[in-house]
Every structure is written in structure tokens, then in C-alpha cells.
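Presented below is the structure to which this report refers.
This is a predicted model, so every value here is computed, not measured. Computed over heavy atoms, backbone and side chain alike; hydrogens, waters and symmetry mates excluded. Residue numbers run from 1 in the order of the sequence given.
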Amino acid sequence: VANFIGSPPMNFIRFQAGLKKGDNIVSLDNANVAIPAVREDLAHGNLVLGVRPEHIRIDEKSKLRGAVYESEYLGTTQIVAIEMEGGIIKARMPANRKFAVGEPVGLALDTPKLSLFSEQTGLAILTDVSMGARHG
């Protein structure tokens, strides 16, 4: 469902990891990224981090980096496509912020709003968010 609800839909960032119950950090593009605490043990495998465009912000201090690929103005907001090592993600930004194609940017993700999925099954992984401790 996360793949087609919203406009633009949720971004899916693929990565490999093994996680233990309580883990709350993953490595994406050689950057440690905080995630909602995992509530189950997971063998090393292919995982997917789901983040909606409105839950991404620019943070030049962040080690999670990308480069602006394009932007589309929508009146009061814009959708900025950012190319990362694993592909292109889209972020919803204020329309008054100017972006240049190729511009390097740091990315911060809104941790309590992130989702984790198994790439193999597509099912959500149990985390603080999916168990209802926080609602995204």
C-alpha cells in the first residue's frame, strides 16, 4: 500500500543489514541513520527503508548525502528529486528554497515517521512505529 498512496508516493531506500531487537540505527550510503527501534530480530538480508517526501529535510550537517537531480514547483511547495547511491528519492520542500541541478545536499529523515520493510516479502517489520508506539 505504501507504494501507491500519496503524491508523490513513499520513497524506498534499499539496504542490507541484520538487526536485533532494540536496534535503532542502520547504515545507508555509508551514513548512520536513526530509525524507529526494531521490535524483532532479523537475519542479515535485503531491507527497505520507507520515507515519505514530506519527512525529508535538507541538513548540510548530515552525512547522508545526495545531489539534486531536478525540482518541480507546485505553488507553495516543490518536489525535489535527489540522486543517492541507491537511486533517486523525492522530497517535498518549500517553494521559496532554490535548488540547482547537481547541487550537493545533506538529508535528514524524520525518524519517528520512518517505516521498515522486508524486500523479499514486502511486509512491514515490527518497530516502535508499526506497533503503535508512535503513529506516522
Side-chain angles (χ1 to χ4, degrees):
V1 172
N3 195 29
F4 59 83
I5 290 181
S7 180
M10 181 179 276
N11 294 290
F12 296 107
I13 303 170
R14 286 162 176 72
F15 66 101
Q16 291 188 340
L19 299 171
K20 294 187 187 313
K21 186 175 181 178
D23 283 353
N24 64 352
I25 298 211
V26 296
S27 179
L28 300 177
D29 293 352
N30 298 312
N32 287 335
V33 174
I35 60 169
V38 175
R39 295 292 166 216
E40 60 182 306
D41 292 332
L42 299 166
H44 193 274
N46 296 325
L47 302 175
V48 179
L49 181 67
V51 58
R52 296 205 179 277
E54 58 271 20
H55 300 148
I56 300 171
R57 64 182 166 72
I58 301 299
D59 179 356
E60 291 312 320
K61 296 177 193 168
S62 176
K63 293 187 180 190
L64 184 61
R65 310 294 297 177
V68 174
Y69 183 77
E70 66 182 2
S71 64
E72 176 185 359
Y73 289 91
L74 303 173
T76 59
T77 63
Q78 64 182 310
I79 302 301
V80 180
I82 300 162
E83 188 169 25
M84 299 173 58
E85 281 185 30
I88 293 176
I89 64 169
K90 293 183 177 182
R92 186 177 303 276
M93 298 288 157
N96 62 353
R97 167 67 157 85
K98 302 285 185 200
F99 291 95
V101 172
E103 176 184 346
V105 292
L107 303 170
L109 310 179
D110 190 355
T111 302
K113 306 277 176 92
L114 301 177
S115 300
L116 282 174
F117 302 96
S118 163
E119 185 174 51
Q120 181 180 2
T121 66
L123 296 175
I125 293 168
L126 294 177
T127 67
D128 281 352
V129 170
S130 63
M131 289 184 67
R134 292 188 172 140
H135 186 62

For this session: Compare all side-chain heavy atoms of Leu107 with those of Asp59 and state whether any distance is below 4.5 angstrom.
Result: no

For this session: Indicate the atoms forming the closest heavy-atom contact of Gly102 with Ala67, along with that distance.
Result: O-CB, 4.0 Å

Problem set entry | For Arg39, side-chain contact (heavy atoms from CB on, under 4.5 Å) partners two or more places apart | Ala37, Leu126, Asp128, Met131

Seminar exercise, completed: Apart from Ile88 itself, its cluster of hydrophobic side chains linked below 4.5 Å comprises Tyr69

Problem set entry | Exercise: identify the closest heavy-atom pair between Gln78 and Arg97 | NE2-O, 2.6 Å

For this session: Determine the minimum heavy-atom distance between Leu114 and Pro36, stating which atoms define it.
Result: O-CG, 3.5 Å

For this session: Quick one: pull up NZ in Lys98 and OG in Ser71 and give me the separation to the nearest 0.5 Å.
Result: 9.0 Å

For this session: Search all heavy atoms of Val129 against all heavy atoms of Pro112 and return the closest pair with its distance.
Result: CG2-O, 3.0 Å

Exercise. What residues form a side-chain contact (heavy atoms from CB on, under 4.5 Å) with Ala31, not counting sequence neighbours?
Worked result: Lys63, Leu64

For this session: Could you walk me through whether Met93 and Ile58 pass side-chain contact (heavy atoms from CB on, under 4.5 Å), step by step?
Result: CA-CA 9 Å; Met93 298 288 157; Ile58 301 299; 3.8 Å; yes

For this session: Walk me through it: do Val68 and Val105 pass the test side-chain contact (heavy atoms from CB on, under 4.5 Å)?
Result: CA-CA 7 Å; Val68 174; Val105 292; 4.1 Å; yes

Exercise. If you measure from CG on Leu116 to CG on Leu19, what distance do you get to the nearest 0.5 Å?
Worked result: 7.0 Å

For this session: For Tyr73 and Phe99, work out which heavy atoms get closest and say how close.
Result: OH-N, 4.5 Å

Problem set entry | Heavy atoms from other residues, nucleotides or ligands near CD of Glu60 exceed 12 (cutoff 6.0 Å) | yes

Exercise. Other hydrophobic cluster members with Ile25, side-chain heavy atoms of Ile/Leu/Val/Met/Phe/Trp/Tyr under 4.5 Å, chained?
Worked result: none

Seminar exercise, completed: In this structure, CD of Glu70 is separated from CD of Glu83 (nearest 0.5 Å) by 10.5 Å

Problem set entry | Sequence-distant partners of Ser27, side-chain contact (heavy atoms from CB on, under 4.5 Å), two or more places apart | Asn32

Exercise. Can you tell me how far the CD1 atom of Ile13 sits from the CG atom of Leu47, to the nearest 0.5 Å?
Worked result: 12.5 Å

Problem set entry | Hydrophobic cluster membership, Ile56 vs Val33, 4.5 Å side-chain cutoff | yes

Exercise. Any side-chain hydrogen bond (donor to acceptor under 3.5 Å, both in side chains) pairs touching residues 13-25, not counting sequence neighbours?
Worked result: Arg14-Glu119, Gln16-Asn46

Exercise. Should Glu85 and Asn30 be marked as a side-chain contact (heavy atoms from CB on, under 4.5 Å) after you check the CA-CA gap, both sets of side-chain angles, and the distance that decides it?
Worked result: CA-CA 10 Å; Glu85 281 185 30; Asn30 298 312; 3.9 Å; yes

Exercise. Do the charged groups of Arg65 and Glu103 touch, with an N to O distance under 4.0 Å?
Worked result: no

For this session: Tell me whether Met10 is reachable from Ile82 by hopping between hydrophobic residues (I, L, V, M, F, W, Y) whose side-chain heavy atoms are closer than 4.5 Å.
Result: no

Problem set entry | Separation between CZ of Arg92 and CG of Leu74, rounded to the nearest 0.5 Å | 6.5 Å

Problem set entry | side-chain contact (heavy atoms from CB on, under 4.5 Å) between Ile89 and Met84, worked out | CA-CA 7 Å; Ile89 64 169; Met84 299 173 58; 3.4 Å; yes

Exercise. Could you state the interatomic distance from CD (Glu72) to OG1 (Thr77), rounded to the nearest 0.5 Å?
Worked result: 9.0 Å

Exercise. Among Ile35, Asn11, Ile125, which residue meets the side-chain contact (heavy atoms from CB on, under 4.5 Å) test with Leu49?
Worked result: Ile35

